[in-house]
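As the structure lists them, so they are numbered: ligands from 1, and atoms in each ligand from 1.
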Amino acid sequence: MPNPTTKSGFVALVGRPNVGKSTLLNALVGAKVAIVTPVPQTTRNRILGIVHRPDGQVIFMDTPGIHKPLSRLNEQMMSFVRQALEERDLAVLIVDASTRFGKGDEFAIQLLKQYAPKTILALNKIDIIKKPQLLPLMDRYAKLHDFEEIIPISALRGEGLEELMEAIVARLPEGPQYFPPDVYTDQPERFLASEIIREKVIGHTKQELPFVTAVLVEAFEESETLTRIQANILVERDSQRPIILGSGGQRIKQIGTEARVELEKLFPPKVFLELLVRVEPHWRDNRAIVAELDYRGDAPR
Ligand code: GDP
Ligand code: MG
């Protein structure tokens, strides 16, 4: 059983949307996030992925809302953002080295300064920046905060990941293996389903809908032969409905087909997917909806 010299701990993974958190987790966990029995979790205790190594076990935890201080969504989230950070052994802040440092990053660093005991900075996407830009960039970040370490990585190419993991494990306490080695995540299936659908919606509409879309899974029924999923795509105005539907319903059909193909990999052998577009003005202010969306890694855009 647990080797007494093994380290283990809970690590807050912090980063704006699109910085590469999912890519990094998939690369580190080494498998597209596997599904285990869904365990209800509170938002501040959501596990994103678990990395099992000979020298330790690293449990990456989500910290939703950390980049967005405004609106009720975040008001609700702020208290567990603080608490979540305080309960972690370490935080890893991921930034996209190829884009400008923004307000969201600044706000996150402020929270980390206040509530996270130790933070490692991972500068991601170094494969697409010019080499001479790297040192000045590391310098700039070093001035912003007393990071434990600043590690350039490319989650996509797998560069710097061993260095990152070593830096993480080195800062964790000795501890037990909290999870058996075949467990990678405990994200509920409904959440994974809604994320896949949302990804397809965004993929097809981002030019025309540079605003919020949310996906709520209304029904999720599994049998031996079929998983039936019914989901609502929420938009805020009537005029946004046809954008999702497309002419003659072509677009939503396409979204549904693409989502179903991916969902069937997670829920074999067959998925029956039903998508509806629901107009829900001000859904972001609706507490019931926001509560359900709490399972989301990134606050809805
Ligand atoms: P998340 O929103 O933080 O989870 O970000 P994703 O993992 O979904 O990545 C957002 C986009 O950045 C995707 O198109 C990824 O392929 C891309 N990406 C992630 N990591 C890297 C990287 O190291 N290099 C490059 N060039 N692109 C990356
Ligand atoms: Mg992601």
Side-chain angles (χ1 to χ4, degrees), residues 11-34 43 46-51 60-68 73-74 77 81 84 91-105 107-109 111-112 119-131 133-134 137-138 141 150-165 167 184-185 187 191-207 210-215 258-259 262 265-266 293-301:
V11 176
L13 194 65
V14 175
R16 284 199 295 181
N18 277 317
V19 296
K21 292 181 299 298
S22 302
T23 308
L24 177 65
L25 276 167
N26 286 335
L28 293 177
V29 171
K32 196 134 189 171
V33 172
T43 303
R46 184 160 68 237
I47 295 176
L48 292 173
I50 302 168
V51 178
F60 286 102
M61 306 292 290
D62 195 10
T63 316
I66 187 165
H67 288 279
K68 301 193 173 186
L73 186 68
N74 303 294
M77 286 179 166
V81 166
V92 173
L93 173 65
I94 305 177
V95 300
D96 181 341
S98 72
T99 63
R100 276 193 26 231
F101 182 83
K103 279 232 154 24
D105 298 302
F107 178 64
I109 289 181
L111 284 177
L112 291 168
T119 303
I120 290 174
L121 177 66
L123 278 178
N124 192 28
K125 309 198 188 181
I126 54 159
D127 55 296
I128 49 171
I129 68 165
K130 297 201 178 78
K131 280 268 139 58
Q133 293 175 348
L134 191 55
L137 196 61
M138 290 172 76
Y141 276 100
I150 299 180
I151 303 175
I153 65 168
S154 168
L156 199 62
R157 301 236 176 124
E159 287 164 30
L161 303 190
E162 182 53 29
E163 289 87 335
L164 177 62
M165 285 309 299
Y184 297 101
T185 180
Q187 289 196 18
F191 172 67
L192 286 171
S194 75
E195 281 292 274
I196 286 170
I197 298 163
R198 192 170 70 110
E199 183 187 299
K200 303 304 172 202
V201 173
I202 290 170
H204 280 274
T205 61
K206 64 172 170 255
Q207 255 96 53
F211 54 78
V212 187
T213 310
V215 173
E258 285 175 22
E262 207 153 311
K265 293 183 203 154
L266 292 173
L293 291 171
D294 272 352
Y295 271 111
R296 224 172 267 311
D298 304 322
R301 288 180 259 189

Can you tell me how far the NZ atom of Lys21 sits from the CG atom of Leu25, to the nearest 0.5 Å?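 Lys21 atom NZ to Leu25 atom CG measures 9.0 Å (nearest 0.5 Å).
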Tell me, please, which residues at least two apart from Asp105 pass side chain to side chain donor-acceptor pair (under 3.5 Å).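 Scan of Asp105 (side chain to side chain donor-acceptor pair (under 3.5 Å), adjacent residues dropped) gives Arg16.
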Those residues that, when tested against Thr99, pass side chain to side chain donor-acceptor pair (under 3.5 Å) (two or more places apart):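 For Thr99, no residue satisfies side chain to side chain donor-acceptor pair (under 3.5 Å) once neighbours in sequence are set aside.
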Does [X] reach ligand 1 with a nitrogen or oxygen that is under 3.5 Å from one of the ligand's nitrogen or oxygen atoms?
| X | value |
| --- | --- |
| Leu156 | yes |
| Gly20 | yes |
| Ile128 | no |

Run the numbers for me: atoms of ligand 1, each under 4.0 Å from some heavy atom of [X], listed by number.
| X | answer |
| --- | --- |
| Lys21 | 1 (P), 3 (O), 4 (O), 5 (O), 7 (O) |
| Arg16 | 3 (O) |
| Asn18 | 1 (P), 2 (O), 3 (O), 5 (O), 10 (C), 12 (O) |

Where is the tightest heavy-atom contact between Val92 and Ala122, given as atom of each residue plus distance? CG1-CB, 4.3 Å
Passing candidate, side-chain contact (heavy atoms from CB on, under 4.5 Å) with Ile94, options Leu24, Leu123, Leu164: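 Of the listed residues Leu24, Leu123, Leu164, the side-chain contact (heavy atoms from CB on, under 4.5 Å) partner of Ile94 is Leu24.
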If we check side-chain contact (heavy atoms from CB on, under 4.5 Å) with Leu93, which of these qualifies: Ile150, Ile120, Leu112? Leu112
Check each of Thr23, Leu13, Ile129 against atom 9 (O) of ligand 1 and report the one with the nearest heavy atom. Thr23
On a heavy-atom basis, I'd like to know which of Lys125, Glu199, Glu159, Arg157 is closest to atom 11 (C) of ligand 1.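 Going through Lys125, Glu199, Glu159, Arg157 one by one, Lys125 has the nearest heavy atom to atom 11 (C) of ligand 1.
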Relative to ligand 1, is Asn124 under 4.0 angstrom through side chain, backbone, both or neither, heavy atoms considered?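 The side chain, only.
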Tell me if a side-chain donor or acceptor on Asn124 pairs with a main-chain N or O of Ala155 at a distance below 3.5 Å. yes
